[in-house]
Number of protein chains: 4
Amino acid sequence: MTEAHSVKRQARGRQRIADILDAALALFAQNGYEGTSTNAIAARAGISPGSLYQFFPNKEAIAEALSARLLEQMRAAHSSAFDLAQVTDLTLHELIDRMVDPLIAFNLANPGAKALMANTDLPARLQGAARPLQQAVVDRVAAIIGARSPRLPAAERNLAAMVAVRIVVAMMPPIVTAQGAERNALIAELKKALHGYVLPIEAH
Amino acid sequence: MTEAHSVKRQARGRQRIADILDAALALFAQNGYEGTSTNAIAARAGISPGSLYQFFPNKEAIAEALSARLLEQMRAAHSSAFDLAQVTDLTLHELIDRMVDPLIAFNLANPGAKALMANTDLPARLQGAARPLQQAVVDRVAAIIGARSPRLPAAERNLAAMVAVRIVVAMMPPIVTAQGAERNALIAELKKALHGYVLPIEAH
Amino acid sequence: MTEAHSVKRQARGRQRIADILDAALALFAQNGYEGTSTNAIAARAGISPGSLYQFFPNKEAIAEALSARLLEQMRAAHSSAFDLAQVTDLTLHELIDRMVDPLIAFNLANPGAKALMANTDLPARLQGAARPLQQAVVDRVAAIIGARSPRLPAAERNLAAMVAVRIVVAMMPPIVTAQGAERNALIAELKKALHGYVLPIEAH
Amino acid sequence: MTEAHSVKRQARGRQRIADILDAALALFAQNGYEGTSTNAIAARAGISPGSLYQFFPNKEAIAEALSARLLEQMRAAHSSAFDLAQVTDLTLHELIDRMVDPLIAFNLANPGAKALMANTDLPARLQGAARPLQQAVVDRVAAIIGARSPRLPAAERNLAAMVAVRIVVAMMPPIVTAQGAERNALIAELKKALHGYVLPIEAH
DNA sequence: GATGAATGAGGATTCATTCAT
DNA sequence: AATGAATGAATCCTCATTCAT
C-alpha cells in the first residue's frame, strides 16, 4: 500500500520533472535562458511556481538538468547508430552519415537543444553546465577517429574531434530552421565540409 | 557661431555614441546582452543613464548600432587586405590566409564581437540585428568565390560562402580564448578545414 | 478495544505535540519566530507538515502552546523550591537565592525560553501569548512579597514584583550566554540588584 | 548653478533617507524587523520600492542606519544633559535623574527605538548592528561610574554599567506604554532600583 | 543637452497552509 | 490519522525607462 503510494508518487515526480524540463527547453529555445522566467516555466509545465522549487532548488539547476537530459538522449541516439568495433570497416562517407544523421535527427526532435549546445547564451557562471553536452560528443568523435587512425597522436585526434563537432554545431541552426530541399542541401554541404576536413587527417 | 556650435555638438555627439558603444561592447562581451544593464553601460561610458537615452531609444538599439559598427570595421579591415581583382592570382592557401588572418585580428582586437557574431546570446527578437554582420562577410566571401570560380552557380557560391563563414565563426571563440602555440594550432586547424571544404568546390 | 485504541491514540497525540513543541523551542531559540518555518518544525519533529496542522491550527498556536508549556514547567520548578508559609523565615539573601536560582536553572535547561520571555521577538499580535508566562511569575513574586510585607499596599507590591521580575529577565540572556566564572559574576550582580531594590521596600 | 543643484539634491537625499528611516522605525516598532517589508517601508516613506534601493543596498542596511541614527540621537540627548567633569558633585539621586530622564525622553520621542535596543527581534546575523546602540550607553555610564568611584576596578565598573543599563532598558517598554501617574510611578520605581543597586557599589 | 533621482513592473524564491491519496 | 506534493501570495531586489531640474 505504502509501496504502491510511493511508486505512483515517484512516477508522478518523474513526470513533473519531465514536464518542467520540456517547458524549460521550449522557453529557453524561444527566449534564451535569461529571457525565461521560472514562473513561465512553471506555468507552461502546468504547475505552480512553488511546486517547481520542490524539484529544482533554483533556475540554474533546471538548465543543468536539461543539459544532462539532452546529453543522455544524444548519447543514446548516437550509440545506437553503430558501435566502435565496426567503425574501421566504413568508408569516410558512411562514417559521416552515421554520425551526422542521428545528430540532425536529434536536433530536429529537440529544437531547443541548440540553445544549450551553442552555449553562448548562458551566463558565464553556467556555461560549465552545458560543457559536458558538447564535450561528450567530442569525446565520442575522438574515440572514433582514434579507432580509425590509431597512429594519430592523441592531441591531434582531440583537436580534430573538437573542430569537427564545432562545424556540425555551427551548421545546426540553419539546418533546423530550413525545410525540405534547402535543408537537404545544407546537410549535404555540412557533410562535404566534414569530409574535406577529415580526409587529409585520416591520410596522415 | 551657431554652425560652429553645431559642428562641435555633433562631434561631441559622435564621441558620446562611440563611448557608449565601446562600453556596451566591453560589457556585452563580459556579461552577455541580458546580463548588461543600461545603467552599467552609461556608467562605463562616463555619462548618466538619462543621457544614454538621448542617443538610443532603448537597449536594443544599442545592440543594433554596435552590430552595425562592428560590421563597418570588419568590412574596412577586410577590404584593405586585398582587392577582388587580384583574387584569382592567389593560391587557395594564400587566399585563406588573407581572409582569415584579418578576421582573427579583428576578433582579437574586439573581444566582444563574438558576442554579437555568435548571436545565440541575444533574445530571438534581436537576432536579426546581428544578422547583417555575418551576412556582410558572407557576401564578400561569395564575391571572392565568384571571382575565382565564375562557372559556379550563384546558389552554390552563396551556400559555400555561408558554410565557410560559419566554420570561421565557430572556431573564433576557442581561438580568441587560447594563447600562443595553442592558438596557432587552432588557427592552423581552421585553415585546414576551410581548405578541405573549398578545394573540391573550386575544382568543380 | 476502541477505548484502548483511543487511549493509545491520545498518548501518541500528546507525544506528537511534545515533539512539535520541542522542535519549535529549539528552532525559535536558534532562528527566532519569524526565522523558523513550520516545515522546519515538522521536519525536526519527525513528522510531515500536514500532520503538524492536525495538532495546531497555525504557526501562532505553536508559539502559544509553547509559552503555556514553559509557564507550567516554570511554575512547577518554582513551587517545588519552597512554599509560601516558610517565606517569612528567610533572610532576604536566602529568599533571593531560592527564587533566582531555579529560574536560572530553568533558563539554562531551556535555552529557547528566553526567546519567549523576552518577548520582543514575536510579532506584536502575538506578544499577548507570552504575557502569561511572565505574569505568572510576577504573581508568584507578588504573593511572596505580600507574605513578607503584609502592610505593603497591593499596588506597590505588584509594582515591586513586576520590577523585580523585569530585572531578572533582563539579566537572563547574558547569564545564559556566559560560562563559568563570568556567569557566576553576572548572577551575583543580579542578586545584588534585587537586594538593593527590595531591601528598602521591605523596610517600608 | 551646478553647485546649487547638488546642494539641493543632497538636501533632498538626506530628507529621503530621514523619511525612510522614520518609516522603518515606525514599522519595525509595530511589526518587527521580519514583519516589515521593504515595499511597506517605501510606501510609508512616500517613495517607490526602487527609490529605496537608491539609498540603501538592502533591508539590513536600513536597520543598521537606523541603529546608527538612534545612537547618535541618544548620544546627543545624553551628553547635552551634563558633562563628566561635574559628575562628582552630584548626589546619587541627582545623577540618576540626569541620566534616566533624557533616556526616557528619548524613548518617548522615538517609540520605535526599543525595537532596536531590545535587540532580540533582529535575526542573529543582524544583532551586531544594534549592539553599538546599547554599548555606547554602557560605555558612557561606565565612564560616569569611573569618575565617581575611581578606585573601583574597571571590570566591576563595566559590569555595573551593563547591569544598570539593562535595568533601564528592561523598564522602558512599560514606561513608554503607560501614561500619566502610572508612568511616573514606573519611572520612580526604576530610579529606586538603580539607586538600590548603585549605592552599595559607590560605597565600595 | 545633461543629470541622476524616481518609477514600478517583473523576477527568483520562500513558506504557511491545504488536500488528494 | 498521516503524508508530502501542491499552492500562490508575498518577499526582496533589479533594471529599462522617464522626467523634473
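Here is the naming used below: chain letters follow the sequence lines, and residue numbers restart at 1 for every chain.
Atom-to-atom, CD of E34(C) to C1' of dA10(F) comes out at 13 Å; the value is rounded to the nearest Å. Computed from coordinates, the Q54(D) CD to dT3(E) C1' distance equals 12 Å when rounded to whole Å. Rounded to an integer number of Å, the gap from NZ of K59(C) to C1' of dA16(E) is 8 Å. Taking atom CZ on F55(B) and atom C1' on dA16(F), their separation rounds to 18 Å, with Å as the unit. The distance between atom CG of L52(D) and atom P of dC15(F), rounded to the nearest whole Å, is 16 Å. The OH-P distance, from Y33(B) to dC15(F), rounds to 13 Å in whole Å. Regarding N58(C), its CG atom lies at a distance of 17 Å from the P atom of dC15(E), rounded to whole Å.
Proximity of R16(B) to the phosphate of dA2(E): a side-chain N or O atom is located under 4.0 Å from OP1 or OP2. At dT3(F), one or more side-chain N or O atoms of S51(C) fall inside 4.0 Å of OP1 or OP2 (strictly under the cut-off).
Residue F56(A) is classed as having no contact, given no heavy-atom separation below 4.0 Å to the nucleic acid.
Taking D19(D) as the reference, nothing meets the salt bridge (Lys or Arg N to Asp or Glu O under 4.0 Å) condition, with sequence neighbours excluded.
Contacts of residues 38-49 of chain D with DNA chain E (heavy atom under 4.0 Å): I47(D), S48(D).
With distances taken from any side-chain atom of Y53(A) to the nucleotides dT13(E), dT14(F), dT18(F), the minimum falls on dT13(E).
Nearest-nucleotide assignment on DNA chain F puts the 5′-proximal partner with G50(D), out of G50(D) and G50(B). Nucleotides of DNA chain E nearest to P57(C) and S37(A) differ in position, and the one nearer the 5' end is that of S37(A).
Rounded to the nearest Å, the gap between the C1' atom of dT21(F) and that of dG1(E) is 13 Å.
Stem analysis of DNA chain E (at least three stacked-register Watson-Crick or G-U pairs, each with both distances under 3.5 Å) gives E:2-21 with F:2-21.
Across every non-hydrogen atom of I20(C) and F55(C), the tightest pair is CD1-CD1, 4.0 Å.
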